[in-house]
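The structure appears below as structure tokens.
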Amino acid sequence: MLSMNKNLRGLVASSGRRHLRVSTPFNTNFTRFSPSTTTSTSTTTRTFSTNASAQEKQSSSSTFKPNTSNSNDNTFKNGKYTFALVVVSATMVLIYQLNSDDDDQEQVYAQELPPTTNPAPAISHDVLSLDKNDPNRKPRLVILGTGWGAISVLHYIDHTKYEVIIVSPRNYFLFTPMLPSTTTGSVDYRSILDPIRNAIYRKTKNRNIERDSIQFYEARCDAVDYKTNTILCEKLDAPGTLKIEYDKLVISVGATINTFGTKGVEQYCHFLKEVDHARSIRKSLVTALEKASYPGLSDEEKKRILHFAIVGGGPSGVELAAELNDFLVEEMNKLYPTLLPHMKISVLEMTPHILSVFDKTLYEYTEKKFRRDRINLLVQNRVMEVKDKELVVFDVQNKQQNIIPYGVCVWATGIKQNPLVEKIAATLPDSQKHKFALSTDGCLRVQGIPAKNIYAIGDCSRIEQKKLLDTMVDLFTEGDADKDGKLSLIELEELIKKNKKAYPQFQLYVDKVAHYYEKFDVNKDGMLDVNEFKSLLEMADSQLKPLPATAQVASQQGEYLGKSLNGASHINTEVDPFVYKHLGHFAFIGSRTAVADIFNYRSGGFISYVAYKSAYFERQVSWKNRFALIHDWIKTTTFGRDLSKF
Ligand SMILES: Cc1cc2nc3c(=O)[nH]c(=O)nc-3n(C[C@H](O)[C@H](O)[C@H](O)COP(=O)(O)OP(=O)(O)OC[C@H]3O[C@@H](n4cnc5c(N)ncnc54)[C@H](O)[C@@H]3O)c2cc1C
């Protein structure tokens with residue numbers, strides 16, 4: 001197995017060299033890649049090798065001679081592009097080869113091939129129990145999910161301290177912020193995915209002794225029994241179940257799409273949350289274009305087929321509209337010139353503005369740009385029903401119902417509770433029921449679990465922030481050191497200093513205690529009485545807002561949790577709650593422009609676009625993805641998007 005792999009790699013390398021020669025600017029004749037030569041590569045290594053040398057001869061006899069019969073300007077131009085492409089690709093292959101650890105991988109795979117055993121029973125119910133009598137065993141940490149939160153815990157957890165088991169129905173991490181770019185083929189799906197096995201390998205490769213301390217099972221967790229510390233999962237690639245005992249459990253299962261019960265959405269709309277969704281949008285887009293190309297269609301029917309309706313004017317909907325518009329501008333002119341006048345993109349949004357999570361200047365900038373690009377903005381329009389070819393829409397402003405024909409509709413609205421979370425909440429105290437997500441304390445422990453060994457992070461969780469007003473009396477007593485029934489400025493400063501970690505809302509006053517002390521000292525006696533202190537706490541509590549459901553929050557929570565589970569000395573889980581640091585946000589709005597809101601710097605345009613691309617490039621989880629992205633960006637800019645439908 002090992003030697004065969006090496007042979008194959010040698011052959012791939014040699015075939016790579018062959019390509020380089022074939023594609024010199026002097027020869028654009030590709031006849032050497034005839035079916036007969038390529039078929040032979042699929043036989044044995046030996047056969048491939050023989051053919052390779054035959055090809056080598058063939059190419060050496062023809063490649064280095066200038067092809068005089070084809071050496072006109074056009075050929076030379078084509079040759080230049082081919083040469084540029086080959087140089088870029090060859091550089092990437094070389095860099096990849098240099099960076100890859102194939103030798104290590106081959107050895108490890110060779111060692112870890114499972115011994116041949118009797119065939120497994122058709123349905124197996126496996127149990128991974130804990131050996132509680134083993135004093136040397138490491139505690140078992142089970143992580144549910146392979147999204148932003150889970151991958152961040154995996155990154156930070158010290159696997160020498162835990163036996164880590166990851167369970168997810170998806171065996172890869174998906175870089176969701178770039179999902180809209182894959183719908184039009186600007187970026188390839190695989191460039192924004194990272195298989196979980198690769199992530200585990202990267203984490204363990206330098207510590208071979210601990211390699212088996214991280215396991216992954218492709219399964220869906222269906223139930224959590226916190227009384228017996230067990231989860232029950234359904235295997236996805238074989239019939240049967242998997243029961244796993246845990247010492248600690250991290251729930252990071254995200255959320256699902258919210259259709260708000262709108263009739264017809266499940267049946268007729270596309271979603272945009274997973275790779276499969278992006279694939280199906282891309283396929284429908286190309287299908288619509290080909291369908292509208294048939295002769296004999298009326299203009300009205302063409303218009304309907306080529307109407308792309310996006311429901312939801314949040315960042316995902318806006319980015320999708322921008323990607324589609326770029327696609328129309330850059331590809332339609334070239335590839336479907338007669339269809340261009342019939343194309344339309346609409347964004348339907350219930351509230352008065354699209355991109356309303358951004359600052360007013362930025363959403364206004366975006367709206368202006370969209371209108372200039374002739375993207376049809378239907379704000380204050382609520383979709384009531386989706387039919388086969390029509391949307392039933394209620395115009396809130398004009399209080400009237402409209403029928404809008406469409407060809408492709410994408411539902412990009414909010415999110416709702418994951419079914420697993422709903423099930424878990426039903427077994428917990430009343431405070432957890434009927435909530436959008438699992439409530440946790442500030443240290444991300446799920447509330448209502450007596451053993452305090454279950455954590456929830458990311459979109460499936462919500463921190464119940466402690467209110468200062470609930471402990472007002474205790475805080476006042478603690479602050480009033482001289483027991484005179486009032487708080488002096490020094491006493492208040494001391495109180496805030498001691499409690500700012502437990503109550504992050506106190507941060508509001510940290511640098512301006514004197515200013516706020518004066519503001520709340522209504523009777524100007526130089527002291528704060530109980531009522532004045534109460535107003536001060538009320539204002540701090542009003543700053544508390546639920547954290548947004550974003551990748552930023554999920555990954556920061558994963559980092560906090562990983563570090564705190566490792567026993568990091570700077571995190572005392574009793575008093576140091578998770579504190580979110582907002583790093584700003586971006587949205588791509590088309591034609592190489594983006595809007596950016598970073599550390600109070602708000603701007604829209606090309607510079608923001610460069611910042612957006614750089615940030616997403618930097619945030620990729622592996623170098624493989626970064627190279628793939630560069631490749632995609634160069635390819636799309638140079639040659640356009642690929643419209644093959646499969
Ligand atoms: C198109 C799009 C664009 C976005 N753009 C941005 C952006 O620009 N910036 C930003 O900050 N956020 C963005 N987001 C939001 C961001 O992706 C989410 O907030 C983030 O993915 C939440 O991370 P998570 O780990 O909680 O859940 P997810 O990343 O959704 O991961 C959930 C994981 O749990 C697994 N799972 C589900 N059910 C089970 C089960 N029963 N058992 C085991 N595993 C299960 C899933 O397979 C998945 O692996 C975007 C989202 C989308 C859809």
Side-chain angles (χ1 to χ4, degrees), residues 142-154 165-183 192-194 196 199 216-224 231-236 242 244 249-258 270-278 281 310 312 314-320 323 355 357-358 410-415 417-424 437-438 444 456-462 547-558 561 580 582-588 594-597 612 615-616 619:
V142 175
I143 304 172
L144 300 181
T146 42
W148 281 95
I151 225 72
S152 176
V153 177
L154 175 66
I165 296 180
I166 304 162
V167 175
S168 176
R170 208 175 70 186
N171 79 343
Y172 55 85
F173 164 77
L174 168 65
F175 192 88
T176 44
M178 296 198 74
L179 196 57
S181 308
T182 63
T183 56
I192 59 164
L193 304 181
D194 187 46
I196 185 71
F216 169 73
Y217 297 111
E218 195 174 79
R220 177 181 298 102
C221 175
D222 281 337
V224 174
I231 59 167
L232 184 67
C233 312
E234 182 199 347
K235 291 183 204 164
L236 293 191
L242 196 57
I244 307 175
L249 175 68
V250 177
I251 303 173
S252 182
V253 294
T256 58
I257 292 144
N258 199 348
H270 295 274
F271 298 117
L272 185 56
K273 193 155 191 326
E274 298 292 341
V275 178
D276 281 348
H277 299 149
I281 294 174
I310 299 162
S316 311
V318 163
E319 289 192 345
L320 177 62
E323 288 286 351
L355 223 53
V357 288
F358 281 74
V410 180
W411 191 265
T413 60
I415 49 173
Q417 217 175 36
N418 181 301
L420 174 68
V421 168
E422 211 171 326
K423 267 193 202 170
I424 298 171
L438 282 175
L444 311 181
I457 57 174
D459 286 2
C460 71
S461 69
R462 187 179 166 147
L547 296 176
T550 62
Q552 253 188 79
V553 171
S555 62
Q556 285 184 28
Q557 288 183 334
L561 193 55
Y580 171 60
H582 184 60
L583 304 173
H585 46 196
F586 294 100
F588 172 61
V595 285
D597 190 342
Y612 146 86
Y616 283 5
R619 291 291 291 159

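The analysis underlying the following values was restricted to heavy atoms, covering all of them including side chains, and did not include hydrogens, waters or symmetry mates. We count ligands from 1, going down the list as the structure has it; atoms in each ligand are counted the same way.
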Protein heavy-atom partner closest to atom 30 (O) of ligand 1 - residue, atom, separation in Å: K273 NZ, 3.5 Å
Closest to atom 33 (C) of ligand 1 among S252, C233, S168 (heavy-atom distance): S252
Identity and distance of the protein heavy atom lying nearest atom 53 (C) of ligand 1: L272 O, 3.4 Å
Closest approach of any protein heavy atom to atom 28 (P) of ligand 1, naming residue and atom: G147 CA, 3.9 Å
Proximal ligand 1 atoms for Y616, defined as those under 4.0 Å from one of its heavy atoms: 8 (O)
Distance-minimising heavy-atom pair for G558 and I457: CA-CD1, 3.9 Å
Atom of E323, atom of S181 and distance for their closest heavy-atom approach: OE2-OG, 2.9 Å
Any N/O pair A255/ligand 1 closer than 3.5 Å: no
H582 and Y580 aromatic ring geometry - parallel, tilted or perpendicular at 30°/60° bounds: tilted
Q557 (side chain) donor-acceptor with S152 (main chain) under 3.5 angstrom: no
Inter-residue atom distance S316.OG - I415.CD1, 0.5 Å rounding: 10.0 Å
Nearest protein heavy atom with distance in Å, relative to atom 11 (O) of ligand 1: A551 N, 2.9 Å
Proximal ligand 1 atoms for G458, defined as those under 4.0 Å from one of its heavy atoms: 26 (O)
From CD1 (I251) to CD1 (I424), nearest 0.5 Å: 3.5 Å
Closest protein heavy atom to atom 37 (C) of ligand 1, given as residue, atom name and distance to 0.1 Å: V253 O, 3.3 Å
Parallel, tilted or perpendicular: rings of F588 and Y612 (30°, 60°): parallel
Contact atoms of ligand 1, heavy-atom distance to N418 under 4.0 Å: 37 (C), 38 (N)
N/O separation below 3.5 Å, T146 to ligand 1: yes
Closest protein heavy atom to atom 27 (O) of ligand 1, given as residue, atom name and distance to 0.1 Å: G254 CA, 3.3 Å
E234 side-chain N/O to R220 backbone N/O, donor-acceptor pair under 3.5 Å: no
Nearest neighbour in protein (non-hydrogen) for atom 25 (O) of ligand 1: G149 N, 2.8 Å
Nitrogen or oxygen of L179 less than 3.5 angstrom from that of ligand 1: no
For A554, the ligand 1 atoms whose distance to one of its heavy atoms is below 4.0 Å: 23 (O)
N or O pair under 3.5 Å between W148 and ligand 1: yes
Atom 5 (N) of ligand 1 - nearest protein heavy atom and its distance: P177 CA, 3.5 Å
Selected option - heavy-atom contact closest to atom 50 (C) of ligand 1, from V167, T176, D459: T176
N/O donor-acceptor pair under 3.5 Å between W411 side chain and N258 backbone: yes
Atoms in ligand 1 flagged as close to Q552, the criterion being non-hydrogen separation under 4.0 Å: 11 (O)
Shortest reach to atom 44 (N) of ligand 1 by a heavy atom, considering only G558, P169, A615, C221: P169
Contact (N/O only, under 3.5 Å) between S316 and ligand 1: no
Side-chain (S252) to main-chain (G145) donor-acceptor, under 3.5 angstrom: no
F175 and Y616 aromatic ring geometry - parallel, tilted or perpendicular at 30°/60° bounds: perpendicular
Nearest-0.5 Å distance that lies between atom CG in L444 and atom CG in L561: 6.0 Å
For P180 against P177, the heavy-atom pair lying closest together: CD-O, 3.6 Å
